Student: 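Before we start, here is the structure in question, set down as structure tokens.
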Amino acid sequence: MMNNIQPQINIKRLEKLLDDFAKIGRTDNGGVSRLTLTMLDKQARDLLIQISQSAGFKVRIDAIGNIFIRRDGLKDLPVVMTGSHGDSQPKGGRYDGIYGVLAGLEVLLTLNDFNIKTNHPIELVMWTNEEGSRFAPAMMGSAVFTGKLKLEDAYAIKDQQGFTVKQALEKIGYLGSDNTENYSIKAIIEAHIEQGPILELENKTIGIVKGAFAQRWYEVNLSGLAAHAGTTPVNMRQDAVVGLSECVTALNQLALNPDSKDIRLTVGMITVSPNSRNVVAGHCFFTIDLRHYDSDLLESFETQMYALLSEITKKLNLKLEIKKILSMPAIHFDPACINAVKNATVKNNYSAIEMISGAGHDACHLSTVAPTSMIFIPCIKGISHNEAESITTLWCKAGADVLLDTLLELTQ
């Protein structure tokens, strides 16, 4: 039920919320280090719940630590969801994920300010472990919620120090028990920074997201033989670092091949053992992140990649182990949700383009259980997963404006 006054988000309040949360895990260079299920993550979760309960919203926590903040509707109808994540990369930015959570919170607070009652209830969700930087795979909370990852399997996953997800949830007090099965959801809208340069380069304020790249993650182990650096001739070594360097160079060349059609390949994590300056490395571990919108192309590239790594390691007399830990198909978002975002963009007179997300988001998992779309705002120079990540006040307000009107359309 709408009153006659057009609601407007409070940009000063939203920017203060962003500033307050950016203090939790703030780095010396102005970024954020707030890894999932750490005590810093707990502080951010506690603050979100405190603000939400003070505003009269209901809070629930499920078994994987997802936080559901509900603003009741006038009728017993399927819920409209929004939200994102609060965890960060080890040296991440202050807007990745948390912008979508706090823009959603600002929308709920604005509805309170203007005493607007919606027919459908709205739920703001902070999803657990979207980044996957402490516990792999990424988007864990939404994967459990949608049934793509079994709860017990998620609980057993360990970080590099050997702590399990369940132990981490228990330690910070977020091993919830609220039942979120058999949810009736009308629509889900996630707001997020673009994390790329396209919107700024195109001089557009809003990205209307139609879908997301298919995505695959791999863990690779190369095993050779640790040996003395001074006594072992180079031509007699089983050097895992040499294998690593050849593999990374060859993979990059394969990705640059025109037939690969701008596939996105990244080796992002590397460990070497024994990691001593006078020892030939006996073992190397590295990760591969592979993305493209064409799932068939990804399948073909994977076959070539496996063959290439096998050829290199055989030549160097190394043992090769490859484990695929994440495989997500290309995502196509819901036309009605996309149209709702378009309508809100036009209503607010913001310039916009339709686009495909190169990054994975919780919305990708969620789109398999409910109609879903996303709203992108630009970030300066496209920088993200970086302490220098930044947005302007205009973009900050625009994303929240569009989210507000999109949710109002979907909840009436």
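In this text the structure is predicted, and so the values were computed from the model without any measurement.
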Student: Any salt bridge between D19 and R94, counting N to O under 4.0 Å?
Tutor: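 The answer is yes: the pair qualifies as a salt bridge.
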Student: Consider only side-chain N and O atoms of D405 and N348, and report whether a donor and an acceptor are under 3.5 Å apart.
Tutor: yes
Student: Would you mind reporting whether D96 and Q195 have side-chain heavy atoms less than 4.5 Å apart?
Tutor: yes
Student: For L320 and I322, work out which heavy atoms get closest and say how close.
Tutor: CD1-CG1, 3.8 Å
Student: Can you tell me if Y155 has over 12 outside heavy atoms packed within less than 6.0 Å of its OH?
Tutor: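 Above 12, so yes.
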Student: Taking side chain as C-beta onward, heavy atoms only, is L105 less than 4.5 Å from S52?
Tutor: yes
Student: Is a side-chain donor or acceptor of H120 paired with a backbone partner of P78 at a separation under 3.5 angstrom?
Tutor: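 Yes, the answer is positive, given that a donor and an acceptor are paired below the 3.5 Å cut-off.
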Student: Apply the test salt bridge (Lys or Arg N to Asp or Glu O under 4.0 Å) to residues R60 and E123: give CA-CA distance (whole Å), side-chain angles for both, the deciding distance (0.1 Å), then the verdict.
Tutor: CA-CA 10 Å; R60 294 185 301 156; E123 283 201 354; 3.5 Å; yes
Student: For A370, does its backbone N or O pair with a side-chain atom of T372 as donor and acceptor, under 3.5 Å?
Tutor: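 Checked: pair present.
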Student: Going by atom types alone, do T110 and N112 pair a side-chain donor with an acceptor below 3.5 Å?
Tutor: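 No.
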Student: Is a side-chain donor or acceptor of S260 paired with a backbone partner of L256 at a separation under 3.5 angstrom?
Tutor: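 Checked: no pair found.
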Student: Find out whether I391 and I377 are in side-chain contact, i.e. whether some heavy atom of one side chain is under 4.5 Å from a heavy atom of the other.
Tutor: yes
Student: Counting only heavy atoms not in K91 (residues, nucleotides, ligands), do more than 12 fall under 6.0 Å from its NZ?
Tutor: no
Student: Between D262 and R291, does at least one N-O distance fall below 4.0 Å, as a salt bridge requires?
Tutor: no
Student: F145 vs Y183 aromatic rings, parallel, tilted or perpendicular, using cut-offs 30° and 60°?
Tutor: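 Judged by the thresholds at 30° and 60°, the geometry between F145 and Y183 is perpendicular.
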Student: Can a salt bridge be assigned to the pair D72 and K58 using a cut-off of 4.0 Å between side-chain N and carboxylate O?
Tutor: yes
Student: For P121 versus R70, what's the shortest heavy-atom pair and its separation?
Tutor: CG-NH2, 3.2 Å
Student: Is the shortest side-chain heavy-atom distance between I157 and T164 below 4.5 Å?
Tutor: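 No, their side chains stay 4.5 Å or more apart.
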Student: Is it true that K204 and E194 make a salt bridge, defined as a side-chain N closer than 4.0 Å to a carboxylate O?
Tutor: no
Student: Decide whether E15 and T393 meet the rule of one side-chain donor and one side-chain acceptor closer than 3.5 Å.
Tutor: yes
Student: Please report the shortest heavy-atom distance between E131 and A138, naming the atom on each side.
Tutor: O-CB, 3.5 Å
Student: In terms of the angle between their ring planes, are Y306 and Y218 parallel, tilted or perpendicular, with boundaries placed at 30° and 60°?
Tutor: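 If you compare the ring of Y306 with that of Y218, the planes turn out perpendicular.
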Student: Measuring from atom CG of D20 to atom CG of L48, what distance do you get when rounded to the nearest 0.5 angstrom?
Tutor: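 Here the rounded value is 12.0 Å.
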Student: Regarding E246 and K315, does a basic nitrogen lie under 4.0 Å from an acidic carboxylate oxygen?
Tutor: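 Judged by the 4.0 Å cut-off on N to carboxylate O distance, E246 and K315 do form a salt bridge.
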Student: Minimum heavy-atom separation for S384 and I193, please, with both atom names.
Tutor: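 Closest approach of S384 to I193: OG-CD1, 3.8 Å.
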Student: Ignoring hydrogens and angles, tell me if any N or O in the side chain of T128 forms a donor-acceptor pair with the backbone of G65 under 3.5 Å.
Tutor: yes
Student: Stepwise, does the side-chain hydrogen bond (donor to acceptor under 3.5 Å, both in side chains) test hold for D289 with W217?
Tutor: CA-CA 5 Å; D289 180 312; W217 282 10; 2.9 Å; yes
Student: Quick check: does any side chain N or O of N386 sit under 3.5 Å from a backbone N or O of G92, one acting as donor and the other as acceptor?
Tutor: no
Student: State, with a plain yes or no, whether a side-chain heavy atom of Q304 is found less than 4.5 Å away from one of L254.
Tutor: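 Yes; the side chains approach each other to less than 4.5 Å.
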Student: Find the distance between CG (L326) and CZ (R216) and round it off to the nearest 0.5 Å.
Tutor: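 Reported value, rounded in 0.5 Å steps: 10.0 Å.
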Student: Between S367 (side chain only) and C364 (backbone N and O only), is there a donor and an acceptor less than 3.5 Å apart?
Tutor: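 Pair found, side chain donor or acceptor close to backbone of C364.
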Student: Taking atom NZ of K319 as the centre, report whether more than 12 heavy atoms of other residues, nucleotides or ligands fall under 6.0 Å from it.
Tutor: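 Atom NZ in K319 is not packed in, count stays at 12 or less.
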Student: Is it true that a side-chain atom of D62 and a backbone atom of I64 form a donor plus acceptor pair closer than 3.5 Å?
Tutor: yes
Student: So which atom in V32 and which in A22 form the shortest heavy-atom distance, rounded to 0.1 Å?
Tutor: CG2-O, 3.8 Å
Student: Check the pair I172 / M39 against side-chain contact (heavy atoms from CB on, under 4.5 Å), numbers first and verdict last.
Tutor: CA-CA 6 Å; I172 69 167; M39 296 309 293; 3.8 Å; yes
Student: With a 4.5 Å cut-off on side-chain heavy atoms, are M126 and R45 touching?
Tutor: yes
Student: Please lay out, stage by stage, how D153 and V144 fare under the test side-chain contact (heavy atoms from CB on, under 4.5 Å).
Tutor: CA-CA 9 Å; D153 290 343; V144 171; over 6 Å; no
Student: Which heavy atom of S373 sits nearest to which heavy atom of C337, and what is that distance?
Tutor: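 Scanning both residues completely, I find the closest heavy atoms to be CB-CB, 3.7 Å.
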Student: Under a 4.0 Å N-O cut-off, is there an ion pair linking E200 with K381?
Tutor: no
Student: Without swapping roles, check the side chain of T368 against the backbone of H365 for a donor-acceptor pair under 3.5 Å.
Tutor: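 Pair found, side chain donor or acceptor close to backbone of H365.
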Student: Decide if atom CG of D28 counts as having more than 12 heavy atoms of other residues, nucleotides or ligands within a radius under 6.0 Å.
Tutor: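 Not more than 12 within 6.0 Å, no.
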Student: Hey, is K324 close enough to E302 for a salt bridge, meaning N to O under 4.0 Å?
Tutor: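 Judged by the 4.0 Å cut-off on N to carboxylate O distance, K324 and E302 do form a salt bridge.
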Student: Looking at D41 and R34, is any side-chain nitrogen of the basic one under 4.0 Å from a carboxylate oxygen of the acidic one?
Tutor: no
Student: More than 12 foreign heavy atoms under 6.0 Å from CG of N179: is that the case here?
Tutor: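 Buried by this count: over 12 neighbours within 6.0 Å.
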Student: Are D362 and H85 close enough that a side-chain donor and a side-chain acceptor fall under 3.5 Å?
Tutor: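 No, H85 and D362 have no side-chain donor paired with an acceptor closer than 3.5 Å.
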Student: Quick one: does L404's side chain get under 4.5 Å of L111's, heavy atoms only?
Tutor: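 Yes, their side chains come closer than 4.5 Å.
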Student: Tell me if the aromatic rings of W395 and Y99 count as close, with their centers under 6.0 Å from one another.
Tutor: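 No, too far apart.
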Student: Start with the C-alpha distance between F376 and H361, add both sets of side-chain angles, then the distance that settles side-chain contact (heavy atoms from CB on, under 4.5 Å), and finish with yes or no.
Tutor: CA-CA 12 Å; F376 277 174; H361 298 282; 3.8 Å; yes
Student: Would you give the length of the straight line joining atom NE2 of H292 to atom CD of E299, rounded to the nearest 0.5 angstrom?
Tutor: 14.5 Å
Student: Could you please spell out the steps behind the side-chain contact (heavy atoms from CB on, under 4.5 Å) verdict for I208 and M355?
Tutor: CA-CA 6 Å; I208 301 166; M355 60 194 310; over 6 Å; no
Student: Would you call E354 and K342 a salt bridge, taking side-chain N to carboxylate O under 4.0 Å as the test?
Tutor: yes
Student: Is there a donor-acceptor contact under 3.5 Å from the side chain of N343 to the main chain of N339?
Tutor: yes
Student: Applying salt bridge (Lys or Arg N to Asp or Glu O under 4.0 Å) to E106 and K16, what does each step give before you reach the verdict?
Tutor: CA-CA 11 Å; E106 173 56 35; K16 184 179 186 305; over 6 Å; no
Student: Any side-chain heavy-atom pair from L124 and R71 closer than 4.5 angstrom?
Tutor: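 No, too far: nothing below the 4.5 Å cut-off.
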Student: Compute whether any side-chain donor of one residue and acceptor of the other, for E219 and T287, lie under 3.5 angstrom apart.
Tutor: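 There is no such pair between these side chains.
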Student: Nearest 0.5 angstrom please: F333 CZ to I188 CD1, how far?
Tutor: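 That separation rounds to 10.0 Å.
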Student: Are the side chain of E389 and the backbone N or O of Y95 linked by a donor-acceptor pair below 3.5 Å?
Tutor: yes
